[in-house]
Amino acid sequence: MNRWMDGAFYELDSALIETKVTEYKIEAFKIKKDLQKILKEKLKESKRNTVKEETLPPFEIVDNVIKRITKFTRFVPAMIVLCNPGMKMRHWKMVSEIVGKKIIPDTSTTFKDFIELKVHEFTDDISPISSKATRELGLERALKKMKEEWQDIQFATLPHRDSDTFVLCSLDEIQTQLDDNIVKTQAMRGSPFAKPFEGEIKEWEDILKLTQDTIDEWLKVQMQWLYLEPIFSSADILQQMPREGALFQAVDKIWRNIMKVTNEKPLVLENTSTPEVYNNLLNCNDMLDKINKGLNSYLEMKRLYFPRFFFLSNDEMLEILSETKDPLRVQPHLKKCFEGIAALDFDDDLKIRAMLSSEGEQVFLTSIISTKEARACTFDICQNFLGRCLDFKVETFGVLLGTTHVADISVLTWISMSLPYFSSVLIQCLQVSVQGLLDKTSALLSAVP
């Protein structure tokens, strides 16, 4: 106990001391009880009910120990209140006002110094200050723990195909922890014990919110970049959309720089806690919005020029238009553009010779379409030769019906495009003479209301 009274005040652990004092007190009373038992046994053995003084148990020593423990116990509540690691300079100033003396402990201060100043007599008045210090310390430690956890959190990146850059992945845990920490930080700001370090909490909350906003913008850019990168990797698209292509190249440069730095130094806070990255990503999203708007206008123009593109989604159109040097890329989309046509028959020179149905029917065109010649046209090759396919389709059916002059395109188009069973009827007609074909076709037309 002398060690506790004379030892360095800042090294005292009040909780441990309280536990030890309780243990010592219990042990002392146990020893006294055992000594009393020994005394009774000695008195029974003595015939005169007396024993020699030198054989008596050391009751006086035990009683002195109990008295010392009991005396020290009176100071334990004051020790618990004062030996609080949460007590800061602001708290000691309030203690000084209560005691009426300057109480500012330093490394040389002992608990005995407080006893001499009779600080223990003000324990009840100081206790609320100590409780407040404990609550403030709890908030301070929670804030410190959050900051320490984020020092080691890193982004996970993956190489993106053959693009020589990277993309973010596995962000669920980061976003979950970010949301949780923002809620905790906001709760701290609302605590009545947060005032001493309110500025620090606000600063940390701003960092977390900036990190959250940066990641949100980051994912938006990544999603758009992944969608547009294969599109604007096509020289054909860049040639047809130079303004949007230039904007995408600017976005692509910023994106690659950000991902290069992130891959080399993947710490989350290092990449998101400054406005620079956020502003760059925000600028990228603004440019991407302009690119998407221009892209939609471009596709709308193509649909107006060749209305059958309305049957295709934006992705399907872009797949066709980004590969104008490869006419075969239109094959998977022919069914949507032309009912009844499943594929086109290309020869080795990529010339279109015939139309094929899903049932394997084949109808040769009246004139072969050269995709190489279409490539030299000022219009887009795909919409050009698809438009020529439509023209030759109507002309071909006109020839099959026995006329080289198509007088009513709307009727022929209705026949070829709207009757699901016309193909099978046509095959049957082709097996007879031209006159028989005309007779059957005439009967078919007259049967239509």
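These numbers come from a predicted model, not from an experiment. We're numbering straight along the sequence, starting at 1. All values below come from the heavy atoms of this structure, side chains included, with hydrogens, waters and symmetry mates left out.
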*Asks:* Is the shortest side-chain heavy-atom distance between Leu168 and Met259 below 4.5 Å?
*Replies:* yes
*Asks:* Looking at Ile215, Asp213, Thr214, which hits side-chain contact (heavy atoms from CB on, under 4.5 Å) with Thr211?
*Replies:* Ile215
*Asks:* Does Ile61 have more than 12 heavy atoms from other residues, nucleotides or ligands lying within 6.0 Å of its CD1?
*Replies:* no
*Asks:* Between the main-chain N or O of Leu334 and the side-chain N or O of Arg308, is there a donor-acceptor pair closer than 3.5 Å?
*Replies:* no
*Asks:* Under 6.0 Å between ring centres: does that hold for Trp4 and Phe75?
*Replies:* no
*Asks:* Roughly how far, to the nearest 0.5 Å, is CG of Leu208 from NZ of Lys184?
*Replies:* 11.5 Å
*Asks:* Please check if the side chain of Asn257 supplies one atom and the backbone of Lys253 the other of a donor-acceptor pair under 3.5 Å.
*Replies:* yes
*Asks:* Should Trp92 and Leu82 count as side-chain neighbours, where that means a heavy-atom distance under 4.5 Å?
*Replies:* yes
*Asks:* Testing the 3.5 Å rule here: is there a donor-acceptor pair between the side chains of Asp124 and Ser127?
*Replies:* no
*Asks:* Any chance you could lay out the side chain to side chain contact (heavy atoms under 4.5 Å, CB included) test for Ile182 and Thr185, step after step, and finish with the verdict?
*Replies:* CA-CA 5 Å; Ile182 289 175; Thr185 305; 5.8 Å; no
*Asks:* Taking the side chain as everything from C-beta on, heavy atoms only, tell me whether Glu217 gets closer than 4.5 Å to Cys284.
*Replies:* no
*Asks:* I need the Asn181 CG to Ile153 CD1 distance, nearest 0.5 Å.
*Replies:* 7.5 Å
*Asks:* Passes side chain to side chain donor-acceptor pair (under 3.5 Å), Thr110 versus Asp113? Steps please.
*Replies:* CA-CA 5 Å; Thr110 65; Asp113 296 332; 3.2 Å; yes
*Asks:* Which heavy atom of Ile104 sits nearest to which heavy atom of Ser96, and what is that distance?
*Replies:* CD1-OG, 4.2 Å
*Asks:* Can you tell me if CD on Gln239 sees more than 12 non-hydrogen neighbours from other groups inside 6.0 Å?
*Replies:* no
*Asks:* Please tell me if the side chains of Asp125 and Val99 come closer than 4.5 Å, counting only heavy atoms from C-beta onward.
*Replies:* no
*Asks:* Which value, rounded to the nearest 0.5 Å, describes the distance between Lys32 atom NZ and Ile66 atom CD1?
*Replies:* 5.0 Å
*Asks:* Do you know the tightest heavy-atom contact between Glu140 and Phe197?
*Replies:* N-CZ, 3.8 Å
*Asks:* In Å and rounded to the nearest 0.5 Å, what is the CZ to CD1 distance from Phe29 to Ile69?
*Replies:* 8.0 Å
*Asks:* Could you report the tightest heavy-atom contact between Pro196 and Glu136, atom names first, then the distance?
*Replies:* CG-OE2, 3.5 Å
*Asks:* Kindly compute the distance separating CE (Met317) from CG (Leu299), expressed to the nearest 0.5 Å.
*Replies:* 4.5 Å
*Asks:* Report yes or no: does Asp347 contribute a side-chain atom to a donor-acceptor pair with the main-chain N or O of Asp349 at less than 3.5 Å?
*Replies:* yes
*Asks:* What pairs of residues pass the side chain to side chain donor-acceptor pair (under 3.5 Å) test when at least one of them lies in residues 192-205, not counting sequence neighbours?
*Replies:* Lys147-Glu200, Gln186-Glu205, Arg189-Glu205, Lys202-Asp206, Glu205-Lys209
*Asks:* Drop me the distance from Glu316's CD to Cys337's SG, to the nearest 0.5 angstrom.
*Replies:* 8.5 Å
*Asks:* Could you tell me whether His160 and Trp255 have their ring centroids closer than 6.0 angstrom?
*Replies:* no
*Asks:* Under 3.5 Å, is there a donor-acceptor pair between the Asp289 and Gln224 side chains?
*Replies:* no
*Asks:* Side chain to side chain contact (heavy atoms under 4.5 Å, CB included), that's the test. Do Tyr278 and Thr272 meet it? Break it down for me.
*Replies:* CA-CA 7 Å; Tyr278 174 73; Thr272 61; over 6 Å; no
*Asks:* Applying side chain to side chain contact (heavy atoms under 4.5 Å, CB included) to Ile103 and Phe122, what does each step give before you reach the verdict?
*Replies:* CA-CA 12 Å; Ile103 309 295; Phe122 300 91; over 6 Å; no
*Asks:* Please give me the minimum heavy-atom distance between Ser163 and Trp225, naming the atom from each residue.
*Replies:* OG-CH2, 4.0 Å
*Asks:* Examine distances only and state if a side-chain atom of Thr274 and a backbone atom of Glu270 form a donor-acceptor pair shorter than 3.5 Å.
*Replies:* no
*Asks:* Do Asn271 side-chain atoms and Lys265 backbone N/O form a donor-acceptor pair below 3.5 Å?
*Replies:* yes
*Asks:* I'd like to know whether CZ of Arg161 has more than 12 heavy-atom contacts from other residues, nucleotides or ligands below 6.0 angstrom.
*Replies:* no
*Asks:* Is the backbone N or O of Lys290 less than 3.5 Å from a side-chain atom of Glu244, with the two atoms forming a donor-acceptor pair by type?
*Replies:* no
*Asks:* So that I can tick it off, tell me whether Asp252 and Arg256 are bridged by a salt bridge, with the cut-off set at under 4.0 angstrom between side-chain N and carboxylate O.
*Replies:* yes
*Asks:* Taking atom types as modelled, is there a side-chain donor on Ser233 or Glu229 under 3.5 Å from an acceptor on the other?
*Replies:* yes
*Asks:* Measure the shortest side-chain to side-chain distance between Leu295 and Phe248 over non-hydrogen atoms and say whether it is less than 4.5 angstrom.
*Replies:* no
*Asks:* Compare every heavy atom of Leu158 with every heavy atom of Cys169, then report the nearest pair and how far apart it is.
*Replies:* SG-CG, 3.6 Å
*Asks:* Is there side-chain contact between Val251 and Phe232, with at least one heavy-atom pair below 4.5 Å?
*Replies:* no
*Asks:* Check whether any side-chain N or O of Arg353 sits under 3.5 Å from a backbone N or O of Asp345 as a donor-acceptor pair, and report yes or no.
*Replies:* no
*Asks:* Within a strict 4.5 Å, meaning less than it, do heavy atoms of the Ile31 and Val65 side chains meet?
*Replies:* no
*Asks:* Check step by step if side chain to side chain contact (heavy atoms under 4.5 Å, CB included) holds for Phe155 and Ile174.
*Replies:* CA-CA 8 Å; Phe155 281 124; Ile174 292 177; 4.1 Å; yes
*Asks:* Between the side chain of Asn292 and the main-chain N/O of Leu288, is any donor-acceptor distance below 3.5 Å?
*Replies:* yes
*Asks:* Under a 4.5 Å cut-off applied to non-hydrogen side-chain atoms, are Met94 and His91 in contact?
*Replies:* yes
*Asks:* Minimum heavy-atom separation for Ser14 to Cys83, with atom names?
*Replies:* OG-O, 3.4 Å
*Asks:* Is there a donor-acceptor contact under 3.5 Å from the side chain of Ser234 to the main chain of Pro230?
*Replies:* no
